[in-house]
Each structure stands twice: as structure tokens, then as C-alpha cells.
Amino acid sequence: MSDVIRLLPDSVANQIAAGEVIQRPASVVKELVENAIDAGASHIDVLITDAGKTCIQVIDDGKGMSETDARLAFERHATSKIREAADLFSLHTMGFRGEALASIAAVAQVELRTCQDENQLGTFVQIAGSKVEVQEAVACSRGSNFCVKNLFYNVPARRKFLKSNQTELSNIVTEFERIALVNPKVNFTLYHNGTEMLNLPAIQLRQRIMGIFGKKLNQDMLSLSVDTALAKISGFVGKPETARKKGARQFFFVNGRYMRHPYFHKAITDAYEHLIPVGEQISYFVYFEVDPANIDVNIHPTKTEIKFENEQAIWQILAAAVKETLGRFNAVPSIDFNTEGMPEIPVFEPTDEVPSLSVSYDPSYNPFNPSPETSPSSYTPDFTRQKRTDWEPFFQGIDKKKFEDIPSVIEDDDNCGVMDDVFEKSTQHYQYKGSYILTSVKSGLMIIDQQRAHICILYARYRAQMENHSQVSQRVLFPEIVHFAPNEIPILEEIMDDLQSLGFDLGNLGGGAYSINSVPVGIEGLSPETLVVNMVHTAIEQGCKVKEELQNMLALSLAKAAAIVPGQVLSNDEMNNLVDSLFAVSSPNYTPDGKVVLAVLKEEDIEKMFR
């Protein structure tokens with residue numbers, strides 16, 4: 001039998017290796033810019049064409065390469081960063097494996113022009129698919145000029161699965177930001193299709209952060225600093241009031257390298273546990289300086305996962321440092337026990353008369369079928385004092401014999417609940433504490449949360465309007481200004497048509513600032529800025545294919561804003577209208593965000609109570 005095992009050609013081996021190292025255009029930018037940093041560059045220009053699919057050019061003023069080094073740099077495992085295995089535990093450079101340039105050359109057409117100070121002429125190297133096509137002497141400036149063209153030209157399957165230009169550009173900007181945030185002493189510029197996106201001069205760290213994410217961030221950040229034998233930790237953490245559900249800026253860096261570290265992230269979130277609402281996130285920029293011998297960066301091809309030798313101890317140092325920072329800047333609320341001279345707060349006595357809310361409104365307005373001529377503002381709260389005995393008339397006239405069968409809700413196998421069938425319902429309902437509607441059903445007593453029921457009804461109505469393209473927008477008298485980070489702008493531009501179809505009109509003011517000139521009708525009480533920002537972050541998470549997601553989010557926000565509030569007293573006709581409308585929607589059991597709308601107290605359970 002003949003031998004079947006053979007060595008793969010270098011070109012094939014390089015393409016396989018490139019699958020881990022070079023995943024998208026952003027990976028090329030990351031590797032080339034990090035190499036420029038390692039070469040001691042003080043000025044780095046990045047020029048992108050068609051989100052990196054056509055061309056990626058990185059120009060630096062580093063120390064450059066000799067003729068031999070320029071050719072050898074494209075070989076696998078050829079590196080100037082280490083000499084032996086022990087060097088892995090004393091790394092002071094971004095790169096060290098010697099795989100990046102070989103991987104890039106395996107899946108793209110690469111041109112390199114490089115020159116050292118002591119040489120009068122530089123070197124030009126042209127490589128395509130790992131094959132050296134040209135190598136010759138040329139006149140060029142000090143440093144290196146890499147031009148990577150037609151990425152994945154020889155791996156069509158990989159090129160086919162690249163995302164849209166806006167998504168790939170957003171990924172490039174994200175990688176660019178991470179490097180710029182940890183190298184404030186280096187000048188960076190980023191261009192896309194000839195348009196300048198970022199121009200970051202050498203500056204202090206705090207100013208570098210503001211240069212990327214906007215000056216507004218300056219007033220939101222608290223300085224963090226602690227120096228111990230295990231680690232030196234510095235940077236900035238956000239004030240508790242700046243917490244947000246989406247889009248928080250969260251960055252960890254160790255020895256000048258960006259990293260992801262869920263364990264350390266937990267240390268920061270624990271420090272804010274009782275200061276911010278559950279589900280919200282805080283921004284932070286945290287920089288670690290540790291002995292290179294105490295970390296291992298060689299556990300993932302992208303070098304973003306790093307193992308610490310003293311992880312638990314550093315966790316405790318970080319958590320304590322964040323808490324100390326919050327306390328030092330009075331971010332933690334305090335209790336004032338000095339009551340002298342303070343006004344007395346009346347104590348509620350059960351025997352006192354209690355305020356009750358009665359509502360007067362225009363009889364022509366139906367809150368469950370609003371018309372353009374009327375609005376929820378027609379309701380005028382009238383606070384009067386009533387004795388508890390005044391609730392007795394609500395119990396009069398309720399007779400079990402007067403109730404007829406109405407639709408019942410049964411639990412199906414997956415406990416989500418479905419309508420059994422359609423039948424006659426009672427015309428009488430009872431409202432409990434202005435929040436719940438009680439009515440009889442076949443299996444027992446149904447309890448409906450009136451606010452959530454109204455949300456379901458309005459949500460279905462708004463979604464129908466959007467599907468029929470009948471969403472109306474209105475101009476705002478004073479446009480709000482919203483700021484976006486550079487990596488968010490490409491995504492915003494991609495979903496701009498979807499935002500316009502929903503009723504938003506945004507104007508580009510430059511520098512990442514946009515004015516909100518028009519908003520959808522019906523979002524009174526909501527923050528247009530928050531809505532737009534949340535939609536952009538949802539688009540980033542969902543990969544931009546989010547028109548339906550945006551419509552669902554906006555419809556739900558509008559429904560919550562326009563729904564009746566707990567405590568609003570309804571007439572029997574209004575309750576009847578509410579129940580009818582609820583049973584007409586496709587999913588009456590739960591709100592669009594998964595909250596229970598109704599529950600049934602079964603007849604046998606009621607009977608057990610009186611045995």
C-alpha cells in the first residue's frame with residue numbers, strides 16, 4: 001500500500017493559518033497597526049477603501065526593515081520579537097508569533113515599501129497568495145508602507161461571508177479605537193474612501209478618550225488609580241448616573257494590550273451593585289500594568305484573552321479600587337442623620353381619611369380608540385378626599401347570576417396559555433385598586449392587568465400602522481443633538497432608511513453629531529435621543545438586519561408611553577372595551593416584552609379556600 005500522508009505546501013498551510021489570524025478586514029488593520037507600534041512609529045496613517053475589501057493601506061514612520069528582513073517578514077514564524085520560549089514570559093511587544101504577515105500574504109495581494117534611516121534606498125516587495133512576485137530597490141521615506149489589496153481574492157468562500165461595508169467598517173474602527181486608546185502618545189489618522197474619519201494627535205490619555213468618544217464623556221468619568229506589588233491599576237470609571245442599558249464604553253488593557261476579561265468585569269459591576277438599576281451598564285477604561293512573567297497572552301490567536309497568575313487577588317484589588325473611587329467622589333449616596341431644623345414629615349394614620357384619585361375626562365374621548373382630535377391629555381386628575389366607605393358602591397350590583405360565560409383561558413402544554421374558544425362575555429366587570437380588572441370565566445375568576453392589557457392593544461395597533469406605512473412624523477421645535485462614537489456611525493448610516501420609515505429625520509452635523517429634526521407621532525414623554533441610540537446599538541448587536549426589530553422596539557416604546565397608568569379609574573364601558581380589544585389581539589396572555597397580562601384563579605382553588 002502506498003503512503004498517503006504528505007506535507008502540505010506552504011501556501012495551503014498559510015491559508016489554513018490565516019483562517020484563525022485574519023478573519024475580516026479589521027484583523028488586517030489590527031495586525032499592521034500593532035506592527036507599526038512595535039516598530040516605534042510616532043505617526044500612523046490608515047487608509048481604507050470599500051471597508052477594506054478593496055484596499056487597506058497602513059503607513060508609519062517607524063524604524064523600517066532591511067532588504068533581507070522585508071522578504072523574510074512574510075515567512076511563517078519569522079519574527080524579531082522573541083528568540084526562545086522563555087521570551088514569551090517577558091513580552092513588551094504587541095506581536096510575537098510571526099504569523100500575521102504570512103497569513104495576510106496568503107489571502108491577499110500585498111505591496112510593501114520600507115526603508116531604514118541608515119539606508120539611502122528602501123525595498124519594494126510584492127506578494128500574492130504567498131508567492132513573491134517582485135523584490136527591488138526603491139526610493140521611499142523612512143518607515144513602512146503596507147498596501148493590502150483584494151482581501152480573500154483566492155478564498156471566495158471567505159470573501160462571500162464578509163458582512164456589509166458598514167458592518168466591516170464598524171469593526172475596523174473598533175479595532176482602531178482599541179489601539180489608539182492605549183497609545184495616546186502616537187498620532188493616528190483614519191480615512192475611508194478618501195474621507196477622514198478620525199484624526200487623533202498625540203495627547204494625554206483623558207483627552208484621547210474624549211477625542212474618540214466626545215467631550216461629553218469628560219464630565220461623566222471618575223479617575224481610578226491604585227498601585228500595589230501585584231499590579232498597578234489606573235484609568236477611569238463612569239459615574240453611577242451615567243449607566244445605560246446599551247452602548248456602554250467598556251475597555252480593559254494590560255501592558256498596552258486590549259483584552260476581554262469577564263471576571264474583572266464582574267469586579268466592577270459588583271462595585272455598582274446598589275448604585276445602578278439592574279440590567280444597566282457602566283462605562284470604564286481600566287489599564288493594568290503587571291509583570292509580564294505573571295500573565296500569559298499566548299492562549300488565543302487574537303491575543304485578546306489573557307490569563308493572570310494572581311487573578312483572584314487582582315480582582316479584589318480592582319473591586320476595592322472602584323469602590324474607593326466612588327466613595328472619594330461622593331458617588332455613593334449618604335444618609336444625613338442631622339434632623340435638627342428639618343421639617344416634620346407627617347405619619348400616616350389608618351384612621352385618617354385617605355386621598356382617592358377620581359378622574360374627569362371628555363366623554364367623547366375613548367382611551368382605547370383614540371382619534372386625532374383627542375389625546376390622553378384630555379384626562380384631568382382631580383384629587384379629593386374620600387372615606388374608605390365610599391368604595392362600597394363599587395360592590396353593589398355584583399351578582400354571580402348576572403355573569404354570563406365569556407372566553408376562558410386554559411394552560412397548554414408549554415404553560416404559555418391560549419384562548420379556548422370565542423363566546424359571550426359578561427357586560428359587568430370589577431376594577432380592583434385602579435389597576436386590575438376582575439371578571440368571571442368558565443374555569444374561575446380572571447384577573448387582568450389593565451396597563452399591560454392596554455400595552456398589548458396599542459402595540460398591535462402601532463405595528464399594523466408601520467406595516468401599512470402609515471407612520472406619521474412631526475417636526476420638533478428644538479432639535480435634540482445626539483452624539484455617536486466613530487464605530488457607531490457606519491451602522492447608523494446603514495439603518496438611516498429604516499429610521500426614516502419609522503418617522504425619524506436625522507441631520508448630520510459632522511464630528512459624530514446628529515440633530516433629530518422629526519420624530520414619530522405619539523412618542524410624547526419619551527426621549528428621542530435614547531430611542532435612536534438604543535436602535536443603533538440594537539443594530540450593532542443584530543448585524544444591521546433590524547428593520548423588524550426596530551419597528552418592534554418603537555411600537556413597544558410608543559405603547560408603553562401611551563398606555564393608561566395604574567390607578568386610573570375606568571367606567572364599566574371602558575373596561576368592557578378593554579377586554580374586547582385584548583381578546584382581539586393575537587397574543588393576549590403576554591406583553592411583547594414577555595410580562596404576564598392576565599391570570600385565572602381556578603374555581604376549584606376558590607372553593608378550597610372556603611372549605
Side-chain angles (χ1 to χ4, degrees), residues 89-92 94 174 177-184 204-210 212-213 217-300 302-334:
F89 301 100
S90 59
L91 288 172
H92 295 279
M94 302 299 290
T174 297
E177 289 172 353
R178 292 171 179 172
I179 298 174
L181 283 171
V182 82
N183 294 282
Q204 295 297 320
L205 177 59
R206 192 178 189 108
Q207 283 71 32
R208 171 58 57 86
I209 294 173
M210 290 187 290
I212 295 176
F213 297 111
L217 199 62
N218 184 42
Q219 60 190 8
D220 298 337
M221 307 303 293
L222 304 175
S223 296
L224 173 72
S225 180
V226 61
D227 195 352
T228 69
L230 288 179
K232 180 180 179 181
I233 304 175
S234 59
F236 306 93
V237 294
K239 296 179 180 178
E241 59 266 26
T242 64
R244 57 171 74 176
K245 290 186 177 180
K246 293 184 178 182
R249 326 290 187 192
Q250 298 178 334
F251 295 91
F252 282 126
F253 301 96
V254 58
N255 293 355
R257 187 188 306 275
Y258 169 79
M259 71 170 178
R260 295 186 179 92
H261 211 294
Y263 186 54
F264 290 164
H265 171 77
K266 185 66 166 53
I268 293 181
T269 56
D270 281 359
Y272 286 87
E273 184 176 6
H274 300 294
L275 302 178
I276 63 176
V278 176
E280 294 198 355
Q281 304 172 346
I282 202 74
S283 295
Y284 56 76
F285 303 83
V286 179
Y287 297 77
F288 296 85
E289 291 182 27
V290 301
D291 185 346
N294 294 333
I295 61 174
D296 185 1
V297 301
N298 192 31
I299 61 175
H300 193 276
T302 60
K303 310 182 189 103
T304 58
E305 297 177 13
I306 298 176
K307 181 67 176 176
F308 286 73
E309 182 179 345
N310 303 298
E311 215 166 53
Q312 186 174 1
I314 294 177
W315 190 99
Q316 294 172 343
I317 294 171
L318 176 61
V322 174
K323 290 179 181 178
E324 192 270 338
T325 296
L326 294 174
R328 186 170 69 251
F329 289 95
N330 295 323
V332 179
S334 59

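Note that these values count all heavy atoms, side chains included, but never hydrogens, waters or copies made by symmetry. Because the structure is predicted, anything quoted here is derived from the model rather than measured.
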Exercise. Decide side chain to side chain contact (heavy atoms under 4.5 Å, CB included) for Phe251 and Ile209; before the verdict, give the C-alpha distance in whole Å, the side-chain angles of both, and the deciding distance to 0.1 Å.
Key: CA-CA 11 Å; Phe251 295 91; Ile209 294 173; over 6 Å; no

Rounded to the nearest 0.5 Å, what separation is found between the [atom1] atom of [X] and the [atom2] atom of [Y]?
X      : Y      : atom1 : atom2 : answer
Gln281 : Lys245 : CD    : NZ    : 11.5 Å
Asn310 : Gln316 : CG    : CD    : 11.0 Å
Ile317 : Ile233 : CD1   : CD1   : 6.0 Å
Asn294 : Glu311 : CG    : CD    : 12.0 Å
Leu275 : Glu241 : CG    : CD    : 10.0 Å
Glu273 : Ile268 : CD    : CD1   : 14.5 Å

Quiz item: With distance as the sole test, does Tyr258 use its side chain to make a donor-acceptor pair with the main-chain N or O of Glu177 at under 3.5 Å?
Solution: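 Not confirmed, Tyr258 side chain does not pair with Glu177 backbone.
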
Quiz item: Are the aromatic rings of Phe253 and Tyr287 close, with centres under 6.0 Å apart?
Solution: yes

Self-check item: Sub-6.0 Å ring centroid separation between Tyr284 and Phe252
Solution: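 Yes.
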
Is there side-chain contact between [X] and [Y], with heavy atoms separated by less than 4.5 Å?
X      : Y      : result
Arg328 : Glu324 : yes
Val237 : Tyr272 : yes
His261 : Ile306 : no
Ser223 : Arg206 : yes
Leu326 : Pro240 : yes

Please find the pair of heavy atoms, one from [X] and one from [Y], that lie closest to each other, and give the distance.
X      : Y      : value
Gln219 : Lys239 : O-NZ, 2.9 Å
Leu318 : Ala267 : CD2-CB, 4.0 Å
Ile212 : Leu181 : CD1-CD2, 3.7 Å
Ala319 : Ala271 : O-CB, 4.3 Å
Arg208 : Ala180 : NH1-O, 2.8 Å
Ser283 : Met221 : O-CE, 4.3 Å

Exercise. List the steps and the verdict of side chain to side chain contact (heavy atoms under 4.5 Å, CB included) for Phe264 and Ile314.
Key: CA-CA 8 Å; Phe264 290 164; Ile314 294 177; 3.7 Å; yes

Practice problem: I would like to know whether Tyr263 and Phe308 meet ring-ring contact (aromatic ring centres under 6.0 Å, His included); could you show each step before the answer? | Solution: CA-CA 11 Å; Tyr263 186 54; Phe308 286 73; 9.8 Å; no

Quiz item: How far apart are the C-alpha atoms of Ile295 and Phe288, what are their side-chain angles, what is the distance that settles it, and do they pass the side chain to side chain contact (heavy atoms under 4.5 Å, CB included) test?
Solution: CA-CA 11 Å; Ile295 61 174; Phe288 296 85; over 6 Å; no

Practice problem: Give the intermediate values and the outcome of side chain to side chain contact (heavy atoms under 4.5 Å, CB included) for residues Thr269 and Ile282. | Solution: CA-CA 8 Å; Thr269 56; Ile282 202 74; 5.8 Å; no

